[in-house]
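We use all heavy atoms of the structure for the numbers below, so side chains are in, but hydrogens, waters and symmetry mates are not. Keep in mind the model is a prediction, meaning the values are calculated, not measured.
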Amino acid sequence: MQENQNSSGFILQGFSDYPDMQIPLFCLFLLIYLLTLQGNVLILIVIYQTSSLHIPMYFFLCNLAFIDLCAASVSQPKLLSILLRGDSVITFGSCMIQMYCFTTLTCAEFVSLTVMAYDRYVAICNPLSYLVVMNKRVCVILLIMCWIFSFVEPMSHTLLISHLPFCKSRIIDHFFCDLSILLNLSCANTASIELLTYILGSLVGLPAFALIIASYTYIISAILKIHSATGRKKAFTTCTSHLTVVIVFYGTILITYMQPTSQYSSTLSKPFSFLYTALVPLINPFIYTLRSKDIKHQISNKIRFKSGHNQ
């Protein structure tokens with residue numbers, strides 16, 4: 001019976017509350033998605049092709065850009081299909097995969113931002129030993145640990161949710177398979193899964209947040225000890241882009257998910273979900289590009305080179 005209930009899949013409502021806005025929304029979201037792909041791919045190409053940028057800070061920035069590329073591609077292609085073709089049906093298996101990928105990439109972003117905060121801490125507080133502490137082996141190990149942890153963490157509650165009976169409704173009032181909605185749709189008791197989700201989420205989010213706060217406490221203390229105003233400005237500039245991304249990402253995640261599933265509101269969730277699934281991956285490359293003179297310089301050089309070559 002449970003297998004028959006789940007085999008029919010779900011219906012993603014997307015933004016069906018605005019029937020006259022489907023095509024304008026499609027154009028807007030398509031533009032956002034294409035700019036996201038372009039911005040993050042550009043960062044990957046520029047860093048890969050520029051040997052002077054082969055340092056730990058840009059190594060981890062490449063990882064963040066890759067995460068953003070994947071995160072945007074988890075939900076946005078399906079959303080675009082819903083808006084353009086009305087293709088709102090998603091199979092049960094696809095829904096579970098989408099939920100797992102979304103949770104994995106969210107976890108990876110938490111860990112990646114924490115590693116980047118540690119990288120900035122070492123660079124500013126221990127500049128003379130920076131390349132010794134953050135050597136190639138350490139960077140690769142941190143990257144591998146980031147992805148192993150991110151792949152493993154969502155497995156337990158994804159498997160548990162995949163075995164739940166969904167007999168209340170097949171309609172998901174969202175544009176992707178959100179964990180909170182799936183728990184609400186189940187006709188079984190989901191209290192234990194909800195508790196497990198909060199525990200695992202806290203094990204990721206709280207230590208990551210604490211380490212970022214600790215890193216920036218030491219960073220700000222070290223910056224304030226720099227005597228020259230130019231030196232303080234230069235040191236702080238290297239951190240502002242990362243700090244901006246952290247605030248936007250943590251802010252939207254906390255507002256959306258730090259509440260019981262029984263109090264879930266799709267009206268509140270959809271805008272904030274769109275922020276961290278679409279706008280955060282879009283603005284990240286622009287934030288880092290605008291704040292990094294090295295990347296801006298390399299992009300300008302490539303544009304001038306191509307312009308001169310075409311002429």
Between T190 and I193 (side chain of the first, backbone of the second, donor and acceptor by atom type, cut-off under 3.5 Å), is there such a pair? no

Please determine whether the number of non-hydrogen atoms from other residues, nucleotides or ligands lying under 6.0 Å from atom OH of Y218 exceeds 12. no

Quick one: are I161 and L183 in side-chain contact, heavy atoms under 4.5 Å? yes

For P154, is there any backbone N or O sitting under 3.5 Å from a side-chain donor or acceptor partner on T158? yes

Taking the six-membered ring where the residue is Trp, are the ring centres of F175 and F29 under 6.0 Å apart? no

Can you find a pair of side-chain heavy atoms, one from D87 and one from K78, that are under 4.5 Å apart? yes

In sequence, state the C-alpha distance, the side-chain angles, and the governing distance for M134 and Y118, and then conclude on side chain to side chain contact (heavy atoms under 4.5 Å, CB included). CA-CA 10 Å; M134 300 299 292; Y118 175 71; 3.7 Å; yes

Are T217 and Y121 close enough, and set up right, to give a side chain to side chain contact (heavy atoms under 4.5 Å, CB included), and what steps lead you there? CA-CA 9 Å; T217 301; Y121 158 74; over 6 Å; no

Drop me the distance from F26's CZ to L79's CG, to the nearest 0.5 angstrom. 9.5 Å

Given side chain to side chain contact (heavy atoms under 4.5 Å, CB included), test M96 with L182 step by step and report yes or no. CA-CA 10 Å; M96 293 300 109; L182 289 172; 3.9 Å; yes

Testing the basics here: between P24 and D20, what is the closest heavy-atom pair and its distance to 0.1 Å? CD-O, 4.1 Å

Flag side-chain contact, heavy atom, 4.5 Å: L243 against R120: no

With sequence neighbours excluded, tell me which residues meet side-chain contact (heavy atoms from CB on, under 4.5 Å) with L203. I199, L200

Could you tell me whether the side chain of Q98 and the main chain of D178 form a donor-acceptor pair under 3.5 Å? no

Is the shortest heavy-atom distance from the side chain of L282 to the side chain of L279 under 4.5 Å? yes

When L113, V111, T114 are each screened for side chain to side chain contact (heavy atoms under 4.5 Å, CB included) with L211, the one that passes is T114

Distance-only donor-acceptor hits, side chain of residues 61-75, under 3.5 Å, sequence neighbours excluded:
from: N63; atom 1: OD1; to: W147; atom 2: NE1; distance (Å): 2.9
from: N63; atom 1: ND2; to: S112; atom 2: OG; distance (Å): 3.4
from: D68; atom 1: OD2; to: N284; atom 2: ND2; distance (Å): 2.8
from: S73; atom 1: OG; to: Y33; atom 2: OH; distance (Å): 2.9
from: S73; atom 1: OG; to: L69; atom 2: O; distance (Å): 2.9

Working to the nearest 0.5 angstrom, can you tell me the gap between F92 CZ and F166 CZ? 5.5 Å

Are I247 and I213 co-members of a hydrophobic cluster defined by side-chain heavy atoms under 4.5 Å apart? yes

What pairs of donor and acceptor atoms, side-chain ones from residues 34-47 against any protein atom, are under 3.5 angstrom apart with sequence neighbours left out?
from: T36; atom 1: OG1; to: I32; atom 2: O; distance (Å): 2.7
from: N40; atom 1: ND2; to: T36; atom 2: O; distance (Å): 2.9
from: N40; atom 1: ND2; to: P281; atom 2: O; distance (Å): 3.0

Can you see which heavy atom on I219 is nearest to which on A117, and at what distance? CD1-O, 4.1 Å

Check whether any side-chain heavy atom of E109 lies under 4.5 Å from a side-chain heavy atom of F249, and answer yes or no. yes

Does the side chain of L142 reach to within under 4.5 Å of the side chain of F60, using non-hydrogen atoms? yes

How close do D119 and P56 get, heavy atom to heavy atom, and via which atoms? OD1-CB, 3.4 Å

Which pairs with one or both residues in residues 99-146 pass disulfide (SG to SG under 2.5 Å), sequence neighbours excluded? none

For C27, all residues meeting side-chain contact (heavy atoms from CB on, under 4.5 Å), sequence neighbours excluded: I23

Using the rule that Ile, Leu, Val, Met, Phe, Trp and Tyr join whenever any side-chain heavy atoms are under 4.5 Å apart, tell me whether V115 and F149 fall into a single cluster. yes

Rounded to the nearest 0.5 Å, the CE atom of M155 sits from the OG1 atom of T104 at a distance of 7.5 Å

Using a 4.5 Å cut-off on heavy atoms from C-beta on, say whether the side chain of F102 contacts that of T277. yes

In this structure, OH of Y18 is separated from CG of L83 (nearest 0.5 Å) by 12.5 Å

Could you list the residues that satisfy side-chain hydrogen bond (donor to acceptor under 3.5 Å, both in side chains) with H242, not counting sequence neighbours? Y216

Step by step, would you call I212 with M116 a side chain to side chain contact (heavy atoms under 4.5 Å, CB included)? CA-CA 9 Å; I212 289 173; M116 292 173 78; over 6 Å; no

Rounded to the nearest 0.5 Å, what's the gap from CZ on F151 to OH on Y100? Could you check? 6.0 Å

Between CG on residue L185 and CD1 on residue I171, distance to nearest 0.5 Å: 9.0 Å

Measure centre to centre between the rings of F209 and F110, then say whether the value is under 6.0 Å. no

Any sub-3.5 Å donor-acceptor pair from H174's side-chain atoms to Q13's backbone N or O? no

